[in-house]
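Since the structure comes first, as structure tokens, the remarks are kept for the end.
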Amino acid sequence: MTSEHASAPTGTVWFVGAGPGAADLLTLRAARVIGAADIVIWAASLVHADVLAHARPGAEIVDSAQLPIEGVLPLYRRAAAEGLTVARIHSGDPALWGAVQEQLDLCRALGLAVEIVPGVSSFTAVAAIVGRELTIPEVAQSVILTRLEGGKTPMPAGERVRDFALHGTTMALFLSAARSGQVQAELLAGGYPADTPAVVAYQATWPDELVVRCTVGTLAATVKAHKLWKHTLFLVGPALAASGTRSHLYHPGHFHTFRRAEPAARAELLRARGGDGDDPAGGPA
């Protein structure tokens with residue numbers, strides 16, 4: 001892309017992750033950046049208004065909920081021309097479905113410096129709300145983040161929900177609540193048993209949040225019963241109900257740079273892994 005300004009950057013755009021909703025889930029860096037900005041751009045449809053409490057008096061506040069990127073571009077151009085700092089607030093984490101890359105390209109073409117502040121994603125917020133770890137030893141060691149195919153944005157080949165479901169691990173489904181029946185059908189077709197635990201979360205961490213536990217087999221009925229169609233995330237997978245396993249991280253038989261293994265516990269751990277329990281090294285000195 002050809003730069004509109006050949007000189008060094010004269011302004012800065014920060015892409016700030018606002019987290020899932022609650023203003024106190026902003027990072028310290030996010031709050032500092034918002035407080036230092038000359039222009040704060042936020043989408044009232046996606047970001048809770050409480051985050052604006054961090055904006056300084058006199059900052060220009062722009063609601064981008066009804067603006068295409070062409071409507072925001074003049075603000076970026078003004079920032080470049082006048083040496084302004086912009087905080088562009090995105091819901092969740094900007095790295096996930098944030099339409100950030102195209103804005104980064106535009107800002108760089110304008111000669112603007114760009115920085116990204118990560119945010120708490122809604123899938124980790126929902127895991128916290130229901131009090132679950134998503135990567136349980138011997139149950140699930142991967143988390144798939146995806147959305148249902150066939151929506152406004154085409155999915156690349158090989159990224160169908162039923163194909164991901166073949167892995168049987170934890171899955172977080174974004175932007176799919178309006179077609180919950182299809183989501184359920186794809187999950188079942190991919191191999192999740194109907195009794196696989198699931199969580200339906202609407203507006204997680206907002207004052208009106210609704211978080212409901214169900215199963216893959218009752219997911220669509222749960223969504224319909226609560227009349228949900230947007231701002232809703234699904235978590236699916238056996239890790240949402242698993243118990244009785246133990247991580248090796250804090251096992252007395254596990255060793256690492258800062259801790260030796262206890263010999264008896266080490267032998268027990270090796271036998272559990274299928275060995276004969278003989279491990280004379282026992283870890284680093």
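In terms of heavy atoms, Arg213 sits closest to Val199 at CG-CG2, 4.4 Å. Across all non-hydrogen atoms, the minimal contact from Cys107 to Val13 is SG-CG2, 3.9 Å.
Counting side-chain heavy-atom gaps under 4.5 Å among Ile, Leu, Val, Met, Phe, Trp and Tyr, Trp229 is found in no cluster with other residues. When hydrophobic residues (I, L, V, M, F, W, Y) are linked wherever their side-chain heavy atoms come within less than 4.5 Å, the members clustered with Val161 are Ile144, Leu148, Phe164, Met171, Leu173, Val183, Leu187, Leu188, Tyr192, Val200, Tyr202, Leu210, Val212, Val216, Leu219, Val223, Leu228, Phe234, Val236.
A perpendicular orientation is assigned to the rings of Tyr76 and Phe15, their planes being inclined by more than 60° (bins at 30° and 60°).
Gln101 is linked by a side-chain hydrogen bond (donor to acceptor under 3.5 Å, both in side chains) to Asp105, counting only residues two or more places apart in sequence or in another chain. For Glu159, there are no salt bridge (Lys or Arg N to Asp or Glu O under 4.0 Å) partners two or more places apart in sequence or in a different chain. Partners of Ala79 by side chain to side chain contact (heavy atoms under 4.5 Å, CB included), not counting sequence neighbours, listed by chain and number: Leu84, Val86, Leu112.
Inter-residue side-chain proximity for Thr218 and Gln184 is flagged as unmet; no heavy-atom pair is nearer than 4.5 Å. At least one side-chain heavy atom of Val62 sits under 4.5 Å from a side-chain heavy atom of Leu67.
Checked by atom type and distance alone, the side chain of Thr169 never pairs as donor or acceptor with a backbone atom of Ala140 at under 3.5 Å.
If you check the side chains of Ser180 and Gln182, you find no donor sitting under 3.5 Å from an acceptor.
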Would you sort out whether Thr124 and Ser121 count as a side chain to side chain donor-acceptor pair (under 3.5 Å), showing the intermediate values? CA-CA 6 Å; Thr124 56; Ser121 176; 5.1 Å; no
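Counting non-hydrogen atoms of other residues, nucleotides and ligands closer than 6.0 Å to CZ of Arg29 gives a total of 12 or fewer.
Placement of Leu73 and Leu104 within a single hydrophobic cluster is found when ILVMFWY residues are connected by side-chain heavy-atom separations under 4.5 Å, directly or transitively.
Every pair passing salt bridge (charged side-chain N to carboxylate O under 4.0 Å, His left out) that includes a residue from residues 183-211 is listed here, sequence neighbours excluded: Arg162-Glu186.
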